[in-house]
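Read through the structure below, which is laid out as structure tokens, and then see the notes.
Every chain is numbered from 1 and lettered A, B, ... according to where its sequence line falls, protein lines coming before strand lines.
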Amino acid sequence: MPVFALVDCNNFYASCEKLFRPDLKDTPVVVLSNNDGCVVARSREAKLLGIKMGVPVFQVKAEMQRHGILAFSSNYALYADLSSRVMRTLEEMAPRVEVYSIDEAFLDLTGIESAISLVEFGQQVRERIGNWIGITVCVGIAPTKTLAKLANHAAKKYPATQGVVDLTNPDRQRRLLALVPVDDVWGVGRRLSKRLNALGITTALDLANASPRAIRDQFSVVLERTVRELNGESCIELEEIPPIKKQIVCSRSFGAKVTHFELLREAICEYATRATEKLRKEQQQAKVLTLFIRTSPFKDDEPQYSNSASGELLIPSCDTRDFIELANHLLKRIWKDGFRYAKAGVMLSDFYNPGMFQPGLFDDVSTRSNSQQLMSVLDTINQSGAGKVFFAGQGTKKDWSMKREHLSPAYTTRWDQLPRVK
DNA sequence: TCTGGGGTCCTAGGACCC
DNA sequence: TCTGGGGTCCTAGGACCC
């Protein structure tokens, strides 16, 4: 029988912010989305005060002031660095690790039970990550990923578990499932839970007891898998090596609404540049770029406009210049005067491994002669920390760039922002 | 004034082919 | 009056995840 563990960092972004601010130990803290728009993470204290996940900040500003809740802009340099430390530690402890998200990993613990009890192993993981990195994690252990998720859920919810729940025992599985609302099950979102509730399926146990065949007919094979997984039949494997990406997106809401073509053009040049950098990091080439621009859907008293356009290169590329050119061309096609634009984005798709593309017999496939060298020099300079090189089209003022008014220092990734001890 | 960003998978339906 | 069947590919939309 396979054994999976799900290790999940508690209140990850908020915990990262507190790590270098011991003075905030018991202070309620929230972390905001890009543009300081929504609450995307809450410390334990902030959760207890009833601040909801995902609320727009302006709706809870008064409440936050009243309770002395501190807000931070999101600081991905910090979170990504601490995340990689957590993941490296896990990789030292378990034979196979799947980094599932910035704050979660699945481990394959099959067979380790002969050497150490699963709960004891979970406690060791907790201790080591707590001691070495200063982040608290919870561990859920079960024969399927879906059950491991639920076990983790329970480990977080019930303090008596001391942060580790072993759900390998079927009786224990059933007892927990009966307590869990169906929408807390991995793979069941708002829409599905509504439809399931209408069928009288309200707990995870109800779903586990449903007929897989009937669920497949009425819903989909995805939910059928969930049913099986809840019954201890492992259908979702551990993915140690992340699959190759099929698309790369770079999109942002603007810090201030954009009304001039030239400013929007700068922004999409910047996004095309970022997206192409990611593409090179994946060692892929892309053929298609999709551009979208839109006004704010929350402003129902303002004229609305939203549009997108796709364009294709003759041959796949990872040269920033090709995609800036294409994005500019597409923007001219969909730009309309007289709107207050709130967001734009660039998406790359139709990927090829370098050298794998078969051009048509009569295609003009002449390429830029210095492409590879130029891009690699660009990437090297920009990643060295020594300075930045960029394309003129990205602009220098960046009036559209996002708002980050409560940003903490990049404590662990920049020499000039190291924490100081007085 | 102020409402995130980046992904994946599945399904239904239409276009097209023989 | 009567108008097939089977297959593939693509796209848009819907659902989910963090």
* Secondary-structure notation, DNA chain B, from Watson-Crick and G-U pairs under 3.5 angstrom (| other strand) -> ....||||||||||||||
* Examine A:K145 relative to A:F106 and say whether NZ or CZ is less than 6.0 Å from the centre of the six-membered ring and inside a 45° cone about the ring axis. => yes
* **Salt bridge present between A:E45 and A:K18 (N-O < 4.0 angstrom)** => yes
* Asked: Rounded to the Å, how far apart are A:M402 CE and B:dG4 P?
  -> 13 Å
* Which nucleotide in C:dC17, B:dG4, B:dG7 has an atom nearest any side-chain atom of A:Y76 -> B:dG4
* Asked: Do the charged groups of A:D8 and A:K156 touch, with an N to O distance under 4.0 Å?
  -> yes
* Rounded to the nearest Å, what distance is computed from the CG atom of residue A:L32 to the P atom of nucleotide B:dT3? -> 12 Å
* **Residue A:Y100, side-chain atoms from C-beta onward, closest of B:dC2, C:dC18, B:dG6** => C:dC18
* Taking atom types as modelled, find out whether A:T413 and A:D81 have a side-chain donor-acceptor pair closer than 3.5 angstrom. => no
* Asked: Got a salt bridge between A:D183 and A:R190, using NZ or NE/NH1/NH2 to carboxylate O under 4.0 Å?
  -> no
* Applying the side-chain contact (heavy atoms from CB on, under 4.5 Å) test to A:L205, which of A:L207, A:N209, A:I201, A:T202 qualifies? -> A:N209
* Structure fact -> A:K281 atom NZ is separated from B:dG6 atom C1', nearest whole Å, by 15 Å
* Should A:E239 and A:R96 count as an ion pair when the cut-off is N to O under 4.0 Å? -> no
* To do: Name the closest nucleotide to the A:K299 side chain, picking from B:dT3, B:dC2, B:dG6.
  => B:dC2
* **Sugar-phosphate only, base, or nothing, as touched by A:D103 at under 4.0 Å among non-hydrogen atoms** => sugar-phosphate
* Asked: Think A:K398 forms a cation-pi with A:F390, using NZ or CZ under 6.0 Å from the six-ring centre and within 45 degrees of its axis?
  -> yes
* Asked: If only side-chain N and O atoms of A:K403 are considered, is one of them under 4.0 Å from the OP1 or OP2 phosphate oxygen of B:dT3?
  -> no
* B:dG5 phosphate, OP1 or OP2, under 4.0 Å from A:S253 side-chain N/O -> yes
* To do: To the nearest Å, give me how far apart CG (A:D183) and P (C:dC18) are.
  => 13 Å
Strictly under 3.5 Å: I want the nitrogen or oxygen pairs between protein and nucleotides 8-12 of chain B, one per line.
| unit_1 | atom_1 | unit_2 | atom_2 | d |
| --- | --- | --- | --- | --- |
| B:dT8 | OP1 | A:K246 | N | 3.1 |
| B:dC9 | OP2 | A:K246 | NZ | 2.8 |

* With sugar-phosphate meaning primed atoms plus P, OP1 and OP2, does A:V188 contact a base, only sugar-phosphate, or nothing at under 4.0 Å between heavy atoms? -> sugar-phosphate
* To do: Select one nucleotide: of C:dC16, C:dC18, B:dG6, the one nearest the side-chain heavy atoms of A:L192.
  => C:dC16
* Expressed in angstrom and rounded to an integer, what is the separation of A:Y13 atom OH from B:dG6 atom C1'? -> 11 Å
* **Nearest-nucleotide 5' precedence on DNA chain B, A:K61 against A:C250** => A:K61
* Value in whole Å for how far the P atom of B:dT3 lies from CZ of A:R252 -> 15 Å
* Asked: Which part of the nucleic acid, if any, lies within reach of A:V60 when heavy atoms closer than 4.0 Å are counted: base, sugar-phosphate only, or nothing?
  -> nothing
* Asked: Is there a donor-acceptor pair under 3.5 Å between the side chain of A:R280 and the backbone N or O of A:C318?
  -> yes
* To do: Indicate yes or no: does A:R66 engage A:E63 in a salt bridge with an N to O separation below 4.0 Å.
  => no
* Asked: Taking the same atom, C1', in C:dG4 and in B:dC16, what whole-Å distance lies between them?
  -> 16 Å
* Asked: What's the CZ-P distance between A:F292 and B:dG5, to the nearest Å?
  -> 8 Å
* **Residue closer to the 5' end of DNA chain B, A:N35 versus A:F58 (nearest nucleotide)** => A:F58
* Electrostatic pair A:K281-A:E277, nearest N-O below 4.0 angstrom -> no
* To do: Please tell me which of the listed nucleotides, B:dG7, C:dC17, B:dG5, lies nearest to the side chain of A:K149?
  => C:dC17
* Distance in angstrom units between A:R404 CZ and B:dG5 P, rounded -> 12 Å
* To do: Assign A:I102 to base, sugar-phosphate, or nothing according to its heavy-atom contacts below 4.0 angstrom with the strands shown.
  => nothing
